[in-house]
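Note sheet for the following structure.
Numbered from 1 within each chain, the chains take letters A, B, ... in sequence-line order.
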2 protein chains.
Amino acid sequence: MASSRVTLRDIAEEVGVNPSTVSRALNPKTRGMVTGEIARQITEAADRMGYRPNPFAYSLRTNRSFTVGVLVPDLTNPAFAPIIKGIDNVLEASGYSVMVANTDNVAERERRNVAKFRERHVDGLVIATARRHDPLIDECRAEGTPLVLAVRRTTNSGISSVVSDEVTGGETIVSHLAQLGHRRVACIAGPQELSTGFERHQGYVRGLNANNLEYDAGLVEFCDAFTEEEGRRAASRLLASGRDFTAIVAANDMIAIGIYDELQTKGLVCGRDISVVGYDDMLFSSKFDPPLTTMHSPLLDIGAEAARILLEQIEDPETPPRSVKMTPELILRKSTGKPA
Amino acid sequence: MASSRVTLRDIAEEVGVNPSTVSRALNPKTRGMVTGEIARQITEAADRMGYRPNPFAYSLRTNRSFTVGVLVPDLTNPAFAPIIKGIDNVLEASGYSVMVANTDNVAERERRNVAKFRERHVDGLVIATARRHDPLIDECRAEGTPLVLAVRRTTNSGISSVVSDEVTGGETIVSHLAQLGHRRVACIAGPQELSTGFERHQGYVRGLNANNLEYDAGLVEFCDAFTEEEGRRAASRLLASGRDFTAIVAANDMIAIGIYDELQTKGLVCGRDISVVGYDDMLFSSKFDPPLTTMHSPLLDIGAEAARILLEQIEDPETPPRSVKMTPELILRKSTGKPA
DNA sequence: ATATGCTCTGCAATCGTTTGCACAGGTATT
DNA sequence: AATACCTGTGCAAACGATTGCAGAGCATAT
């Protein structure tokens, strides 16, 4: 309310030129078109008067909003928050603003928010909610707005994505267990419609092969969601099956926590009776009881890299889509040990 | 790229009226001005043609952006993420978009982001980074954009805020400890320039009085930040002082974790040798070793309520500032017990 | 001396809305 | 029947930038 904004016209009057000249003088790309001395006067006046361009006018004319939309399933999930932070860090530095939307994993809400972002003419989208087969993503791509997937990707190539190497991650976990001497390694896998769930399970299978362990379908349970509760239930089923095993590889840390719960109620001690390894290395996984051995996903870097690719893509829409795979790292803690 | 947007003018031509009529027919507030039948034709055509108003044009004209800015110290901090989620939940329902900015507690970054928000003409601001004396907040207020503080407030009244009742929270904690039989209760307080740190400490002091325990300056240590590391260092100082005490009230859960660390390295077992109580009840505080007794802050509700107040304020700028205090709840877990 | 080209600036249209004002036509009032 | 008042619609001016085009001024080439 206080300060009536100062516009190009105001500066123009002050300096005694046409607004268009002011526009050119202030825009680095067109600055060359105006005489040095005049340009100097203009920038000087602009500073002095506290000129701030009106983003609406700019956007209306140019259709650029310097805004990007970010879609995550859950802002409060420690396996996602760092991604946003990573994105925000690089985007802030480039003058972009980040709009977030929480979808709680419900497709309808994803759809609605993408629509909202589109209406608002965001310059680009980073999406962390993708399913392996995701019509919404296809639509987005067809629609033309620059887009990059983070953490989760679709089977559909031709879309930029940055994820971590889930398959080798899973494989490495099994190898770790095998080295400790485990022969009967169970798996509590995540949702198979998500690339993370799918590929980590795939990694588990490869790890078995690589270490000459046989695959036993009775040793793998699937979860419908990456949640503690789902993990607990799956663990319960596994235990109830009466099968013999000495270790469990969990699809992520949340599920691992669920497994902890179930082991505890059954009076088993994790790390001694049964080894458990998680995935993600989310915040506090070192504080659990016992501290969780887990595969560290470079979430912050994934977010940052996704943002960088998006920027590239916005800058030059002709840039071909790029997919990068970060490498995760095994963090040894107390939840794994030699088989009992 | 694909769909050339359809504008008011397109619809006007289709129906055979002037764009202004279309504008009026489509706006609920002015719809009464246009003949029922024509209005019907217009809305019908709008649907059919897939009309979506151009937000830039709208904003340029009206100076409303349907956007609010949210400032938090750390997106990944489980004591802040829920706030954003709460905000997003209510704002999304009202058609607003949320822009977030991460400040990492650096004043310069707060300033920069507030400036960015202002340039972008956000309709309102919710700020979770306020210091007790915060010039930036004063400037914001003077500037006129609707503003509400969340979780942390300034001493300066006359600004809307929604926080939890830290003082009684702190008091209740001490009472709990006193009831268990503790007589020598230490305190590891948070930054005193933040209302949370300040008021929780105040609550501690009141709790002492209320339970006829004497205040001993030697039993309180201050942290410069709400971090694990600061908590650990403070605990170390406290232990080194050689004073006698059986319980520690921590300014928040992060600090409590730091205390856990230090107790462990000193071979003390928390909950038996020394009781510890945290504050916030952040995610996973029930999973620590031992599960943390803590004061639950209704973070999600705080965010939601802040958003509601902000909406009120945006709707009618004359609305007097409103401050609400949520009541926290003590969650009993394993980190507290009878004194050894 | 004329033609040619280059550099700089201004003019005016445009982006897609909203909204004050004018005005046409109809209804109600006297 | 003349006047006043509504009601609904159109016109055109904003909002504050960007940008194609035209032209003024000047230097260089012929």
Side-chain angles (χ1 to χ4, degrees), chain A residues 1 3-43 45-46 49-67 95 118-123, chain B residues 1 3-43 45-46 49-67 95 118-123:
Chain A
M1 326 280 141
S3 55
S4 53
R5 287 178 83 80
V6 10
T7 72
L8 281 189
R9 188 205 243 86
D10 296 331
I11 301 181
E13 278 170 12
E14 176 81 6
V15 180
V17 295
N18 188 281
S20 52
T21 306
V22 179
S23 171
R24 291 191 262 255
L26 259 25
N27 181 337
K29 295 215 154 118
T30 49
R31 178 143 194 194
M33 296 182 173
V34 12
T35 315
E37 169 58 13
I38 300 204
R40 206 194 49 68
Q41 282 182 46
I42 290 176
T43 45
M49 303 170 71
Y51 172 70
R52 293 278 165 260
N54 181 318
F56 304 139
Y58 176 86
S59 293
L60 176 58
R61 187 67 228 260
T62 63
N63 257 312
R64 296 267 282 109
S65 62
F66 282 100
T67 277
R118 197 150 54 205
E119 278 178 35
R120 294 200 172 244
H121 278 276
V122 296
D123 291 338
Chain B
M1 323 279 139
S3 55
S4 54
R5 283 179 87 79
V6 11
T7 73
L8 282 188
R9 188 203 244 88
D10 297 330
I11 301 180
E13 279 170 11
E14 176 80 4
V15 179
V17 294
N18 189 281
S20 53
T21 306
V22 179
S23 172
R24 291 192 262 253
L26 261 23
N27 183 337
K29 294 215 154 116
T30 50
R31 176 141 195 197
M33 294 182 174
V34 13
T35 315
E37 168 58 13
I38 300 204
R40 206 194 47 70
Q41 284 181 45
I42 290 177
T43 45
M49 303 171 70
Y51 172 69
R52 293 279 162 259
N54 182 318
F56 303 139
Y58 175 87
S59 294
L60 175 57
R61 187 65 229 259
T62 63
N63 256 314
R64 296 265 282 106
S65 63
F66 282 99
T67 277
R118 197 150 54 207
E119 278 179 36
R120 294 198 173 244
H121 278 277
V122 295
D123 291 336

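Rounded to an integer number of Å, the gap from CG of A:N54 to P of C:dT14 is 21 Å. The nearest whole Å value for the distance from the CZ atom in A:R24 to the P atom in D:dG16 is 20 Å. Whole-Å rounding puts the A:F56 CZ to D:dG16 P distance at 11 Å. In this structure, the CZ atom of B:R9 is 12 Å from the P atom of D:dC11, given to the nearest Å. Counting to the nearest Å, the C1' atom of C:dT19 and the CG atom of B:L26 are 16 Å from each other. Taking atom CD1 on B:I42 and atom C1' on D:dT9, their separation rounds to 10 Å, with Å as the unit. For the pair B:R5 CZ and C:dT14 P, the interatomic distance rounds to 20 Å; values are reported in whole Å. For B:L60 and C:dT14, the CG to P distance is 17 Å, given to the nearest whole Å.
Across all strands, B:P53 comes closer than 4.0 Å only to sugar-phosphate atoms, never to a base (heavy-atom distances). Contact annotation for A:G36: no contact, since no heavy-atom pair falls under 4.0 Å across all strands. Across all strands shown, B:T21 has heavy atoms under 4.0 Å from sugar-phosphate atoms exclusively, and none from any base.
Here the OG-CE distance, from B:S20 to B:M33, works out to 10.5 Å after rounding to the nearest 0.5 Å.
Nearer the 5' end of DNA chain D, as judged by each residue's closest nucleotide, is the contact made by B:I38, out of B:I38 and B:T62. In terms of position along DNA chain C, the nucleotide closest to A:N18 lies nearer the 5' end than the nucleotide closest to the other residue of the pair A:N63 and A:N18. Heavy-atom distances to DNA chain C give each of A:G16 and B:L8 a nearest nucleotide, and the one nearer the 5′ end belongs to A:G16.
A side-chain donor-acceptor contact under 3.5 Å links B:T43 to the backbone of B:R40. A donor-acceptor distance shorter than 3.5 angstrom exists from the side chain of A:T7 to the backbone of A:R9, with no hydrogens or angles considered. Formation of a donor-acceptor pair under 3.5 Å by the A:S23 side chain with backbone atoms of A:P19 is not found in this model.
Ranking C:dT9, D:dC15, D:dA17 by closeness to the A:T7 side chain, first place goes to D:dA17.
For B:S20 and D:dC11, a side-chain-to-base donor-acceptor distance below 3.5 Å is present, hydrogens and geometry of angles not being considered. Residue-to-nucleotide contacts include no donor-acceptor pair under 3.5 Å from the side chain of A:R52 to the base of D:dG16.
Taking a 6.0 Å sphere around CZ of B:R64, one finds it holds more than 12 heavy atoms contributed by other residues, nucleotides or ligands.
Proximity of B:Y51 to the phosphate of C:dT17: a side-chain N or O atom is located under 4.0 Å from OP1 or OP2.
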